[in-house]
Amino acid sequence: MKTNYRAILVDDEHKSRLNLNLLLQNFCPHIEVVAECENIQEAKTALNTYRPQLVFLDIKMPGESGFDLLESVQERFFEIIFTTGYDEYAIKAFQYHAIGYLLKPIYSADLVEAVQRATQYMDHAHNRYIELLQDLQRNTVRQTIPLPVEDGLELVNAKDILRLQAEGSYCQVFLKDGRQLLLTKNLKSMEKMLDGEAFFRIHQSHLVNLDEVRKILKTDGGFVLMSDGAELEISRRKKGELLEFLSK
């Protein structure tokens, strides 16, 4: 049985609060909305009154912004999921250690994923830290992974993979030594195979080794600059998740 968590909604638009509340009732019943706030002053009162574990926070509001609320809080006893119609605040949002960044209109699948991350973090913060250390140790010991090529299996060290790119039902692997391998599995299959390694799906066509990302560019919606000079597009809905992942 899931633990119930108290949450408040902070958004100046009544329709947005109503929509989010309905989504939470239908898809995240373990989240109890204890207050809806249309401005920062109401939010401050609700924080002191209800001590919620989770705050769904809009950014652009008349008067003070969501960032202003966080600047005014002396004790952070809650996790934040930003809910906004603007993607340009994602980098700043995760400087405030947000657990999620949801773009309006909010889809149920994105909401469930963000809430699941938040509740897992609240329940198992210490365990997650231990698991990350264990994963790091396992990845250090692991030497090679089998890549399915047309004539068999190519054994490579995961650290030697720069990135993978979708090619229909196949995918292309780019290695540090300049070689490229055409794999007989699609990108989704390779994403599962590399689970636990330092890889992240930034776009439906790109899976990258985060250790080889040199810069995140904000131009034209967002790109990553890889160590080999490649500039790869970040999908709009993956930008927030990528920045949150890197901030951890």
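- Annotation for R117 and G100: closest pair NH2-CA, 3.7 Å, computed over non-hydrogen atoms.
- Contact detail for C171 and A166: the closest heavy-atom pair is CB-CA, 4.2 Å.
- In this structure a side-chain-to-backbone donor-acceptor pair under 3.5 Å is missing from S65 to M61.
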*salt bridge (charged side-chain N to carboxylate O under 4.0 Å, His left out) assessment of E191 paired with K188*: CA-CA 5 Å; E191 183 180 13; K188 184 176 181 180; over 6 Å; no
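- Side-chain atoms of S189 and N186 form a donor-acceptor pair, as typed in the model, at a separation below 3.5 Å.
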N/O donor to acceptor pairs below 3.5 angstrom from side-chain atoms of residues 53-60, sequence neighbours left out:
{"residue": "Q53", "atom": "OE1", "partner": "R6", "partner atom": "N", "Å": "2.7"}

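- With Y86 as the aromatic partner, K104 does not meet the cation-pi criteria of under 6.0 angstrom to the ring centre and within 45 degrees of the ring axis.
- A side chain to side chain donor-acceptor pair (under 3.5 Å) check over residues 172-185, counting only residues at least two apart or in different chains, returns the pairs E154-R179, Q172-Q180, K176-E212, D177-R179.
- Under the 4.5 Å side-chain criterion, counting only non-hydrogen atoms from C-beta, L147 is not in contact with L155.
- Annotation: cation-pi geometry not satisfied between R51 and F78 (NZ/CZ under 6.0 angstrom from ring centroid, within 45° of ring axis).
- Using the six-membered ring where Trp is involved, F67 and Y96 have ring planes that are parallel, under 30° apart on the 30 and 60° scheme.
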Side chains of residues 204-211: which donor-acceptor partners sit under 3.5 Å, not counting sequence neighbours?
{"residue": "N209", "atom": "OD1", "partner": "D211", "partner atom": "N", "Å": "3.0"}
{"residue": "N209", "atom": "ND2", "partner": "I161", "partner atom": "O", "Å": "2.9"}

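- Nearest heavy atoms, G85 versus L103: C-CD2, 4.4 Å.
- In the model, N21 has a side-chain atom that pairs as donor or acceptor with a side-chain atom of E36 under 3.5 Å.
- A salt bridge does not link R17 to D11: none of the charged side-chain nitrogens sits closer than 4.0 Å to a carboxylate oxygen.
- Closest heavy-atom contact between L164 and F199: CD1-CE2, 3.9 Å.
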